[in-house]
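Notes follow the structure.
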Number of protein chains: 2
Amino acid sequence: MRRADARSNRDRVVAAAREAFAAAGLEVPMREVARRAGVGVATLYRHFPTRTELVATVLAERVADCGVQMRRALDDPDPWRALAGVVRVFAERQIHDRALNEALLGPGAVGAAFQEERREHAQALNVLVVRARAAGVLRGGVDADDVRAGLLAIASLRRLPAATSARVIGRVADLVLAGIRA
Amino acid sequence: MRRADARSNRDRVVAAAREAFAAAGLEVPMREVARRAGVGVATLYRHFPTRTELVATVLAERVADCGVQMRRALDDPDPWRALAGVVRVFAERQIHDRALNEALLGPGAVGAAFQEERREHAQALNVLVVRARAAGVLRGGVDADDVRAGLLAIASLRRLPAATSARVIGRVADLVLAGIRA
DNA sequence: ATGGAAACGGAGCAGGCGTTCCGCTGTGGG
DNA sequence: CCCACAGCGGAACGCCTGCTCCGTTTCCAT
């Protein structure tokens, strides 16, 4: 089995897809990913039999990254800083990675692959909110679903024209934080 | 000139497009709009030479509606109620009309046709914010761009699956209001 | 009633997408 | 070193889109 070149091609495809998805969203044509990777479409399809699988592979990395951030937040002894940090990091990522957004907002197929991770994140967020509430830093009546809604709002903004989205995302993140704080 | 049937067909096309766009977004195929209107595609194209023109025609109605709401808010003597009302009405509309969202967020071509109305709305919003700030009901540092960012966030949420978007939009609207209030 | 133009419908065109097929290339075990 | 075959590139297929062409229908002035 001649793995050397095949494996290197696979890596190049994943790298090209990662960049393309981050920059232009998940709807980049397969031809374009292949072109960026410097391979033919057939090569791409040999490693990823369907578009969905390529997308899932690239997103898996990103989702894993988010898990790391979450665990870091859980280690923070300051409840407000932990929660605010999650919101800010999330916003920051949305600014730089368009794919992440569509993983959350995309209809069924794409997001479905990460149900487990998603539940894990939700669990962690619940913990952060409970701690923050116990510390009295949250406005009355605010619950984890409010924070989730805020995060979704931030994520959705990624679809704005790139020129303005960064600033708007920053403002909304501040708005959300002001809206949940006591 | 045989206007009777032509005119009635035009009306049916606009009505069909309005419904289809509100329900399924601006990306509904022309064939589908024609089918819903009970006419052939050629008829549709005779009245609207290009897809963009059909979209613009339908959105013009919606944008005009928003202008009415804005003027109503300007007449409200209570500055907070006026501003909060705008946010709430806007959120309510996003829930029921998917097209409105894409008019705001869609890239260039679509939104460009309404620059004038948009500026008018922006102007009105500025007035509302200035009044609210003068009345001391806004948190320090909040400006019109923050409110605009909040509205954009609400609008962006329309792309979530229909099942959850209504509730999430409601929560975010509350979050935004909490975030700007003193 | 009747002619002719305005208006119609649906087949057809060009272009873009995801995916597949197939003849060639170049790698690495013997 | 050499040649079998894993692996390759790009042309091709089927489907969907916006849009156009043209033979046929239908209204309305006469």
Side-chain angles (χ1 to χ4, degrees), chain A residues 1-21 23-59 98-99 102-103 106-113, chain B residues 1-21 23-59 98-99 102-103 106-113:
Chain A
M1 287 162 192
R2 177 234 260 105
R3 271 194 197 115
D5 54 346
R7 208 181 145 90
S8 117
N9 272 339
R10 197 196 124 103
D11 291 347
R12 291 171 69 187
V13 165
V14 172
R18 182 169 40 230
E19 286 174 30
F21 290 163
L26 256 20
E27 288 170 21
V28 174
M30 294 296 256
R31 284 166 169 76
E32 172 67 13
V33 173
R35 202 184 55 75
R36 286 199 190 212
V39 304
V41 281
T43 298
L44 195 164
Y45 274 95
R46 195 162 309 104
H47 293 297
F48 302 95
T50 188
R51 174 186 181 76
T52 305
E53 296 203 34
L54 174 61
V55 171
T57 300
V58 171
L59 288 183
R98 193 159 170 180
E102 298 179 30
V110 174
Chain B
M1 288 166 190
R2 174 237 259 110
R3 273 196 199 113
D5 55 345
R7 209 181 144 91
S8 116
N9 271 340
R10 197 196 125 103
D11 291 347
R12 291 171 69 189
V13 165
V14 172
R18 181 168 41 228
E19 288 175 29
F21 289 163
L26 256 20
E27 289 170 19
V28 175
M30 294 296 255
R31 283 165 168 76
E32 172 67 13
V33 173
R35 202 185 54 76
R36 285 199 190 212
V39 304
V41 281
T43 297
L44 195 164
Y45 274 96
R46 196 161 308 103
H47 293 296
F48 302 94
T50 188
R51 175 187 180 74
T52 304
E53 295 204 32
L54 174 60
V55 170
T57 300
V58 170
L59 288 182
R98 193 158 170 181
E102 299 179 29
V110 174

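In what follows, every chain begins at residue 1, and chains take the letters A, B, ... in the order their sequences are listed.
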Find the distance [X]:[atom1] to [N]:[atom2] and express it as a whole number of Å.
X	N	atom1	atom2	answer
B:Leu26	D:dT17	CG	C1'	15 Å
B:Arg10	C:dC8	CZ	P	12 Å
A:Glu53	C:dG18	CD	P	15 Å
B:Glu32	D:dC19	CD	P	16 Å
B:Leu44	D:dT20	CG	C1'	13 Å
A:Asp5	D:dC5	CG	C1'	13 Å
A:Arg35	C:dC17	CZ	P	12 Å
A:Tyr45	C:dT19	OH	P	4 Å

Would you tell me if any nitrogen or oxygen in the side chain of [X] comes within less than 4.0 Å of OP1 or OP2 on [N]?
X	N	value
A:Thr50	C:dG18	no
A:Thr43	D:dG7	no
B:Arg31	D:dT17	no
A:Arg51	C:dG18	yes
B:Asn9	C:dC8	yes
B:His47	C:dC8	yes

Name the closest nucleotide to the A:Arg46 side chain, picking from D:dG18, D:dC8, C:dG18. D:dC8
Could you pull out the closest heavy-atom pair between A:Val28 and A:Gly25, with the gap in Å?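 Heavy atoms of A:Val28 and A:Gly25 come nearest at CG2-O, 3.2 Å.
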So do B:Val58 and B:Leu26 actually touch side chain to side chain, heavy atoms under 4.5 Å? no
Toward the 5' end of DNA chain C, which comes first, A:Ala42 or A:Glu27, by nearest nucleotide?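 The answer here is A:Glu27.
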Nearest-nucleotide wise, let me know which of B:Gly40 and A:Met30 is further upstream toward the 5' end of DNA chain C. B:Gly40
Just call it for B:Val41: base, sugar-phosphate, or nothing, with non-hydrogen atoms closer than 4.0 Å on any strand. base
Once rounded to the nearest 0.5 Å, what's the spacing between atom CZ of A:Arg10 and atom CG of A:Leu44? 10.5 Å
Measure the spacing between CE of A:Met30 and OH of A:Tyr45 and express it to the nearest 0.5 Å.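 Between atom CE of A:Met30 and atom OH of A:Tyr45 there are 3.5 Å.
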Check the surroundings of atom CD in B:Glu27: do more than 12 heavy atoms from other residues, nucleotides or ligands lie under 6.0 Å from it? no
